[in-house]
Undergrad: 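This is the structure, below, for whatever I ask next.
By convention here, the first residue in the shown sequence is residue 1. Whatever order the structure lists ligands and atoms in, that order sets their numbers, starting from 1. Side chains included, hydrogens not; waters and symmetry mates left out as well; all remaining heavy atoms used.
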Amino acid sequence: MRGIIIYKGKYGATRQYAIWLGNILNIPAILAGIEMNEQLKAADYIIMGTSVYIGKLQLRKWIEKHRELLVSKRLFLFLVAGTPVSEKEKLQEYITANIAADIRTRCNFFFFPGKLEFNKLSLSDKILLRIGSSLAKSRGENIATTDYNDVKRELLFGIVDMLGKLNEVAVK
Ligand SMILES: Cc1cc2nc3c(=O)[nH]c(=O)nc-3n(C[C@H](O)[C@H](O)[C@H](O)COP(=O)(O)O)c2cc1C
C-alpha cells in the first residue's frame, strides 16, 4: 500500500515525528502545501500530522481544502500538543472543533506530546501563549509556559504497528 505523510507545525516537534515516521515506514513526509496533487491522488493512505495553537490545528485549512479527496482515502492523523496525552477528552475536543465529521469518522487518531522552548518562540507566540495559558487557568485547565521536550521516537510504535497490520492485510 502506498502512503504519504503531510504535516504542519511551527517549531519542529511535528516535523520531527513526521520525519521519523517517514523513515520507519519508508514513505515521503512532506510539509503541507508543497505536495503535488498527483502524490495525494496516488496514495492509498494519508497520515496527517499537526500541532495545536490556542485550540487551532495547524493543518486545519489544508484538511478543509482537500476534503473531497480525503474522504476517499484511508486516513490517520497525529496531533502534537502541550496537553498531556492522558487528557484524552481535551485532545478529542481539539479534533471535534477543527475537523469536519465526514473526515473525522474515517480517520484514526494518535496523540503525541510536544515540546516548548520559550526563548525560541516569536514575540507574538510568546504573548499568545501567556494569554492562552492564563485563560486556560481560569477554566481550570493547564497550558504550560515553561520549557519541556517530550518528543520521543518510541511513541510512534502504536501508529507503526497499526500501519504494519494494514499492510499485512493488503498483502494477503
Ligand atoms: C502560542 C502557543 C499556543 C499553544 N496552544 C496550545 C493549545 O491550545 N493546546 C495545547 O495542547 N498545546 C498548545 N501549545 C503547545 C504546542 O502545541 C506544542 O508546543 C507543540 O509541541 C508544538 O509543535 P510544533 O513545534 O510542531 O508546532 C501551544 C504552544 C504555543 C507556543
Undergrad: If we check side chain to side chain contact (heavy atoms under 4.5 Å, CB included) with Phe78, which of these qualifies: Phe112, Phe111, Phe109?
TA: Phe112
Undergrad: What part of Val151, side chain from CB on, backbone N/CA/C/O, both or neither, has a heavy atom under 4.0 Å from ligand 1?
TA: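 Near ligand 1, Val151 shows nothing, with every heavy atom at 4.0 Å or more.
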Undergrad: Between Gly114 and ligand 1, does any nitrogen or oxygen pair lie at a separation below 3.5 Å?
TA: no
Undergrad: Below 4.0 angstrom from a heavy atom of Leu129, which ligand 1 atoms are there? Numbered from 1 as shown, please.
TA: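 The atoms of ligand 1 under 4.0 Å from a heavy atom of Leu129 are 1 (C), 2 (C), 3 (C), 29 (C), 30 (C).
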Undergrad: Considering all heavy atoms of both residues, which atom of Ala29 and which atom of Ala18 are nearest to each other, and what is their separation?
TA: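 So the two residues come closest at CB-O, 3.5 Å.
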Undergrad: Counting each atom of ligand 1 from 1 as listed, which ones have a heavy atom of Gly9 under 4.0 Å away?
TA: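 Answer for ligand 1: 26 (O), 27 (O).
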Undergrad: Taking only heavy atoms of Thr14 into account, list the atoms of ligand 1 that are under 4.0 Å away from them.
TA: 23 (O), 24 (P), 26 (O)
Undergrad: Using side-chain heavy atoms (C-beta onward) and a distance below 4.5 Å, is Thr83 in contact with Val52?
TA: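 No; the side chains remain at least 4.5 Å from each other.
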Undergrad: Please name the pair of heavy atoms, one in Leu155 and one in Asp150, separated by the smallest distance, quoted to 0.1 Å.
TA: CD1-O, 3.6 Å
Undergrad: Could you list which atoms of ligand 1 come closer than 4.0 Å to a heavy atom of Ile54?
TA: 3 (C), 4 (C), 5 (N), 6 (C), 7 (C), 8 (O)
Undergrad: Can you check whether Leu128 has an N/O within less than 3.5 Å of an N/O in ligand 1?
TA: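 Min N/O separation from ligand 1 is not below 3.5 Å for Leu128.
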Undergrad: Counting only heavy atoms, which portion of Tyr148 has something under 4.0 Å from ligand 1: side chain, backbone, both, or neither?
TA: side chain
Undergrad: I'd like to know whether NZ of Lys126 has more than 12 heavy-atom contacts from other residues, nucleotides or ligands below 6.0 angstrom.
TA: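 Correct, the count exceeds 12.
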Undergrad: How long is the span from the CD atom in Glu64 to the CG atom in Asn98, to the nearest 0.5 Å?
TA: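 Result: 10.5 Å between the selected atoms.
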Undergrad: Could you please spell out the steps behind the salt bridge (charged side-chain N to carboxylate O under 4.0 Å, His left out) verdict for Glu38 and Lys41?
TA: CA-CA 5 Å; Glu38 294 70 42; Lys41 280 191 193 141; 5.4 Å; no
Undergrad: Should one rank Phe112, Tyr17, Tyr7, Tyr53 by closest heavy-atom distance to atom 27 (O) of ligand 1, which comes out on top?
TA: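 Ranked by closest heavy atom to atom 27 (O) of ligand 1, first place is Tyr53.
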Undergrad: Of all the atoms in ligand 1, which lie at a distance below 4.0 Å from a heavy atom belonging to Val80?
TA: 17 (O), 21 (O)
Undergrad: For Ile143, counting its heavy atoms only, list the atoms of ligand 1 lying under 4.0 Å from any of them.
TA: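 Counting atoms of ligand 1 from 1, those under 4.0 Å from Ile143 are 7 (C), 8 (O).
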Undergrad: Of the backbone atoms (N, CA, C, O) and the side-chain heavy atoms from C-beta on, which set of Ala13 has a member under 4.0 Å from an atom of ligand 1: side chain, backbone, both, or neither?
TA: both
Undergrad: Would you call Arg139 and Glu141 a salt bridge, taking side-chain N to carboxylate O under 4.0 Å as the test?
TA: yes
Undergrad: Would you say Gly82 has any N or O atom under 3.5 Å from an N or O of ligand 1, going by distance alone?
TA: yes
Undergrad: So, for Leu59 and Ile6, which heavy atoms are closest and what is the spacing to 0.1 Å?
TA: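 Reported closest heavy-atom pair: CD2-O, 3.8 Å.
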Undergrad: So which heavy atom in the protein is nearest atom 13 (C) of ligand 1, and how far is it from that ligand atom?
TA: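 That would be Val52 O, 3.4 Å.
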Undergrad: Mind checking whether Arg74 and Met1 have side chains closer than 4.5 Å, heavy atoms only?
TA: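 Arg74 vs Met1: side chains touch.
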Undergrad: Do other residues, nucleotides or ligands put more than 12 heavy atoms under 6.0 Å from Lys120 NZ?
TA: no
Undergrad: How about CG on Asn37, more than 12 heavy atoms from neighbouring residues, nucleotides or ligands closer than 6.0 Å, or not?
TA: yes
Undergrad: Please name the pair of heavy atoms, one in Ala43 and one in Lys73, separated by the smallest distance, quoted to 0.1 Å.
TA: O-NZ, 2.7 Å
Undergrad: May I ask you to identify the nearest protein heavy atom to atom 23 (O) of ligand 1, giving residue, atom name and distance to one decimal place in Å?
TA: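 The closest one turns out to be Ser51 CB, 3.3 Å.
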Undergrad: Side chain, backbone, both or neither: which part of Leu91 has a heavy atom under 4.0 Å from ligand 1?
TA: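 Looking at Leu91 and ligand 1, no heavy atom falls under 4.0 Å.
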Undergrad: For atom 1 (C) of ligand 1, which of the options Thr83, Leu79, Asp125 provides the nearest non-hydrogen atom?
TA: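 It is Asp125 that holds the nearest heavy atom.
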Undergrad: Just to confirm my output: which protein heavy-atom neighbour is closest to atom 21 (O) of ligand 1, and how far is it?
TA: Lys115 N, 2.9 Å
Undergrad: Closer than 4.0 Å to some heavy atom of Tyr94 - which atoms of ligand 1 meet that?
TA: 7 (C), 8 (O), 9 (N), 10 (C), 11 (O)
Undergrad: Give a yes/no on ligand 1: does Gly132 have at least one heavy atom closer than 4.0 angstrom to it?
TA: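 Under 4.0 Å: no for Gly132.
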Undergrad: Closer than 4.0 Å to some heavy atom of Tyr11 - which atoms of ligand 1 meet that?
TA: 24 (P), 25 (O), 27 (O)
